[in-house]
Visitor: 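Just passing along the structure, written as structure tokens.
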Amino acid sequence: MTPDTGRQRPVETVLGPVAWLRANLFNSWWSSAVSILLLYVIARWAMSFIGWGVVDAVWSVPTGPNGPDSALCRQAGAGACWAVIGDKYRLILFGRYAYLEQWRPAIVILLFIGLYGISAWRRFWRWELALIWLGTLSVCGVLMWGGVLGLEYVPQEEWGGLPITLMLATFGLALAFPLAIVVALGRRSTGMPAVRWLCVIYIELIRGVPLISLLFMASVLFPLFMPEGMNPDKLLRAQAAYVLFAGAYLAEVVRGGLQALPRGQYEAADALGLSYWRKMGLVILPQALRLVIPPLVNTFSSNFKDTSLVLIIGIYDLLTSGKVAMADPRWQGFGTEIYVVLAAIYFVFCYAMSKYSRGLEREFGHARNR
Amino acid sequence: MSAVDHSRRFAPRPVRAHRMHLAWSDPRLRNLVWQIVIVGVVVAVAWFLISNTMRNLEARHVATGFAFLGRVAGIPLSETLLPYDPAVNTYGRALLVGVLNTLKVATIGIVLATILGTLIGIARLSRNWLLSHLAAAYVELMRDIPVLLQLLFWYLLLQNLPGPRQALHIGNMVFLSNRGIRFVLPAWQPAYAWAAAAFGIGLVVTLVWNRIAHHRQDATGVKPPVWPLALALLVGAPLAVWAAFGAPFVLDYPALKGFNFQGGGSVSPEYGALLTGLVIYTAAYIAENVRAGIQSVPSGQAEAAAALGLHRGMVLRLVTLPQALRVIIPPLTSDFLNLTKNSSLAVAIGFPDIVAVANTTLNQTGQAIEGIAIIMAVYLTISLSISAFMNWYNAHIALVER
């Protein structure tokens, strides 16, 4: 909207940084005031943050007779105490895993990241990807447990840190996704009202309650549900609750894709005489799933964040190991630094996912608008 | 769904097509058999779990049923909206206090998150590069860090504040210490209740008059002014009532007594951290929905309204906003639901919401099934109520086509 100056303004042809500033930061009195205020606030905040996190920060502390001595961090005027990270990063990343064997969870972390990378690559969007997942996840299991190929056996109670977070998220995804597809198809089924109602009840029930109540159920109630003597461990129970939870949310996303597909596709598949499962497997699902990949990635990202809730039932994930590191009396009072590092780790994973999802959305949008 | 299904729906229906044949090639028989099998499996699994549970409960000598609700709880609760004494009151009352605390967080959180989220969503669309990118950075940062981590972080920050004696303060109005926030508050007077009642009556009358004015505008084209009446009834009448009671007004200042503050309003560190974390996290999601909603209105709409001679405020209120709201409301509903469900994370920082109270209850009584059933029932009720209200509102503002 041009301002009402009475005569036409000349077209701005000046280019360069000054013109950019004038167009984007100082194009009116109001905008200039906002810009100056924000610049001031950002500058002050950035200066105090850099002062705390870089200039005044303590990067390492001398080691005394009983471990590192944090007195240097407690001096007046000391900023962030990054030395706590240097001392505790192995505990935060790997939990209580046998110290000398921690290269194994490290490789597992890299394998998981590699798996995500390959899955994001469109060239690999084919059924062989399922085999790659199966292979990688088995290798991860062998590495974590050990006991074969000369690897020392590490019981599951000693696992912890980032591998637990990644495992909860990845196995949760790998198991919840097929469940979600079946439930979404069930909810869309016209010929089988009983099945449709079962699916509706499952989805709405799970989506209506917080994840915490399901995790409590897994940790407290599950032992009651099982026959005497059969008691899967806590991590497995939490994983089951997590799969049920993620399944309901993913099912709704998949249903969105099924609904968005034109009816002609269903009718054409019927006209070819395909059976129900061939129709879904060959015609409907490949198109419907492709449509919903961006919202699926968003759901993965929120599921990834939700794994942190297992802290409340005492499973040793990344957030829990951070809290354990904080509880060390030698490093009392440096929780902020640990939270900042944990937040950065979660941020990197979720930001990558959201960036990727937006990229796909743009690409698909272009393809549709061509 | 199968081929025959469709032909049945779209082709002219042959007579007697409804009779089911006892042949596997009849899809309706197949559907029936499959449904019986699937429901049978579900029932069998449920039966297996229930019978296990019964046997386990018997073996552990755990009582069942909700009789424990009538027993004295003995759970100390740090924050209560109802009078509550752990030595006297029952589990039922403790749980009710927990539900009210959940509702308190959820209601205030939803209001604050909507305001903050709307402001940030509008800021993202600003033509000021700095403002829009700052808003985008906020949204990205907050959405990519788990809400539990954020809650724990805010709680740590509030706990690391200096003690009451060295509290950060603004004059003697607001004190910020590791015991929470204390702020000055007008002391309660009976006259306020009467003023509030006058406001309520005024609100009803104003709404009725507004409706009459609308009808008259529809009939005659001229809208009688609403604002003088609104001003008189909503501001004038309550003030007059208050003045009639002698205009009582006393400020209740917080003051340091012993180890903590007395007087004034207070926000505990737990509640403060929970509310801050939930509002900041959810506002990022709301901002995205508000932005998407506003962007979904074609710019031609605002231009056409401007061409009709509406001024900017009217364009926003009469043309852009009603259309944007239709896009915003459904995702906003799920944001509200998420905030409510995320308030269950209060248990991690020790705020006595329903999950925390029920968790303590089930640990003390051993009646886990009942405890978790209560949690689920409370959240299902809240979720369904929010959905129902938002669906009603959505239908109210939805586009009416022919």
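Every chain is numbered from 1, with letters handed out A, B, ... down the list of sequences.
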Visitor: In terms of heavy-atom proximity below 4.5 Å to chain A, should B/L156 be classed as side chain, backbone, both, or neither?
Guide: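 Contact with chain A involves the side chain of B/L156 alone.
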Visitor: Please find the pair of heavy atoms, one from A/Y351 and one from B/D144, that lie closest to each other, and give the distance.
Guide: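 Residues A/Y351 and B/D144, closest heavy atoms: CA-OD2, 3.2 Å.
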Visitor: Measuring only between side-chain heavy atoms, which start at C-beta, is A/L214 closer than 4.5 Å to B/M376?
Guide: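 Yes, their side chains come closer than 4.5 Å.
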Visitor: How about A/W52: does its CH2 atom have over 12 heavy atoms from other parts shown lying under 6.0 Å from it?
Guide: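 Correct, the count exceeds 12.
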Visitor: Checking A/S354 against chain B: side chain, backbone, both or neither under 4.5 Å from a heavy atom?
Guide: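 For A/S354, the side chain is the part near chain B, not the backbone.
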Visitor: Looking at A/P193, A/G333, A/A344, which one has more heavy-atom pairs under 4.5 Å with chain B than the rest?
Guide: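 The residue among A/P193, A/G333, A/A344 with the greatest pair count is A/P193.
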Visitor: Pick one of side chain, backbone, both or neither for A/L342, based on which atoms fall under 4.5 Å of a heavy atom in chain B.
Guide: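 Both backbone and side chain.
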Visitor: Looking at every heavy atom in both B/E140 and A/F347, which two are closest together, and how far apart are they?
Guide: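 Of all heavy-atom pairs spanning B/E140 and A/F347, the closest is O-CE1, 3.8 Å.
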Visitor: With only heavy atoms counted, which part of A/L311 is less than 4.5 Å from chain B, the side chain, the backbone, both or neither?
Guide: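 Answer is side chain: those atoms of A/L311 sit under 4.5 Å from chain B.
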Visitor: At a heavy-atom separation under 4.5 Å, does A/K355 approach chain B through its side chain, its backbone, both, or neither?
Guide: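 Contact with chain B involves no heavy atom of A/K355 at all.
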Visitor: Between B/V42 and chain A, with a heavy-atom cut-off of 4.5 Å, which part of the residue counts as in contact: side chain, backbone, both or neither?
Guide: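 Only the side chain of B/V42 comes within 4.5 Å of chain A.
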Visitor: Under a 4.5 Å heavy-atom cutoff, which of A/M326, A/K323, A/R358 has the most pairs with chain B?
Guide: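 When all of A/M326, A/K323, A/R358 are compared, A/R358 has the most.
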Visitor: So which of B/R55, B/Q159, B/Q35 has the biggest tally of heavy-atom pairs under 4.5 Å with chain A?
Guide: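 Option with the top pair count is B/Q35.
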Visitor: In terms of heavy-atom proximity below 4.5 Å to chain A, should B/L134 be classed as side chain, backbone, both, or neither?
Guide: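 Interface part for B/L134: side chain.
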Visitor: Which region of A/R196, side chain (C-beta onward) or backbone (N, CA, C, O), has a non-hydrogen atom less than 4.5 Å from a non-hydrogen atom of chain B, or is it both or neither?
Guide: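 Neither part, no heavy atoms under 4.5 Å.
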Visitor: Find the distance between CG (A/L215) and OG (B/S344) and round it off to the nearest 0.5 Å.
Guide: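 Answer for the CG-OG pair, A/L215 versus B/S344, is 9.5 Å.
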Visitor: What closest approach, in Å, do B/A368 and A/V220 show between heavy atoms, and which atom pair accounts for it?
Guide: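 Minimum heavy-atom separation between B/A368 and A/V220: CB-CG1, 3.3 Å.
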Visitor: Looking at chain A, which one of B/V39, B/I50, B/L131 has the largest number of heavy-atom pairs inside 4.5 Å, strictly under?
Guide: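 Maximum pair count with chain A is reached by B/L131.
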Visitor: Could you tell me the separation between the OH atom of A/Y276 and the CG atom of B/N31, rounded to the nearest 0.5 Å?
Guide: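 So the gap between those two atoms works out to 10.0 Å.
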Visitor: Need one label for B/I375: side chain, backbone, both or neither, based on atoms under 4.5 Å from any heavy atom in chain A.
Guide: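 Side chain of B/I375 only, per the 4.5 Å heavy-atom cut-off to chain A.
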Visitor: First locate atom CG of B/N128, then atom OG of A/S31, and finally report the distance between them rounded to the nearest 0.5 Å.
Guide: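 Reported to 0.5 Å precision, the distance equals 4.0 Å.
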Visitor: Answer with side chain, backbone, both or neither: which region of B/I382 has an atom nearer than 4.5 Å to a non-hydrogen atom of chain A?
Guide: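 For B/I382, no heavy atom lies under 4.5 Å from chain A.
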Visitor: So, does B/K341 use its side chain to make a donor-acceptor pair with the main chain of A/I212 at under 3.5 Å?
Guide: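 The answer is no, because no donor-acceptor pair under 3.5 Å joins these two groups.
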Visitor: To the nearest 0.5 Å, what is the distance between OG (A/S213) and CD1 (B/I372)?
Guide: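 With rounding to 0.5 Å, OG (A/S213) is 7.5 Å from CD1 (B/I372).
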Visitor: If you tally heavy-atom pairs under 4.5 Å against chain B, which of A/T336, A/I42, A/L224, A/V348 wins?
Guide: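 The answer is A/L224.
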Visitor: With side-chain contact (heavy atoms from CB on, under 4.5 Å) as the criterion, how do B/L345 and A/I312 come out once you've worked through the C-alpha distance, each side chain's angles and the decisive distance to 0.1 Å?
Guide: CA-CA 8 Å; B/L345 300 181; A/I312 294 170; 3.9 Å; yes
Visitor: Measure the OG-CZ distance between A/S275 and B/R30 for me, rounded to the nearest 0.5 Å.
Guide: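 Here the interatomic distance stands at 8.5 Å.
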Visitor: If I measure from the heavy atoms of chain A, does B/S383 come under 4.5 Å with its side chain, its backbone, both, or neither?
Guide: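 For B/S383, side-chain heavy atoms alone lie under 4.5 Å from chain A.
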Visitor: Tell me the salt bridge (charged side-chain N to carboxylate O under 4.0 Å, His left out) pairs involving residues 197-226 of chain A, sequence neighbours left out?
Guide: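 Residue pairs with at least one partner in residues 197-226 of chain A: A/R187-A/E204.
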Visitor: Can you measure from CG (A/N298) to CZ (B/R143) and round to the nearest 0.5 angstrom?
Guide: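 So the CG of A/N298 and the CZ of B/R143 are separated by 6.5 Å.
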Visitor: Is A/F216 close to B/V355 at the side-chain level, that is, under 4.5 Å between some pair of heavy atoms?
Guide: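 SC-SC contact between B/V355 and A/F216 confirmed.
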Visitor: Which atoms of B/N359 are under 4.5 Å from chain A, going by heavy atoms: the side chain, the backbone, both sets, or neither?
Guide: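 Side chain only.
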Visitor: Please look at A/L319 and chain B and tell me whether the side chain, the backbone, both or neither of the residue comes under 4.5 angstrom of a heavy atom of that chain.
Guide: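 A/L319 touches chain B through side-chain heavy atoms alone.
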Visitor: Measuring heavy-atom distances to chain A, does B/L380 have an atom under 4.5 Å in its side chain, in its backbone, in both, or in neither?
Guide: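 Both backbone and side chain.
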Visitor: Within the 4.5 Å heavy-atom criterion, are A/F225 and B/T53 side-chain neighbours or not?
Guide: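 In contact.
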Visitor: Heavy-atom cut-off 4.5 Å, strictly under: side chain, backbone, both or neither for B/L141 against chain A?
Guide: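 Both backbone and side chain.
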Visitor: So which residue, B/L32, B/L149, B/I145, ends up with the most heavy-atom pairs under 4.5 Å with chain A?
Guide: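 Top option by heavy-atom pairs under 4.5 Å: B/L149.
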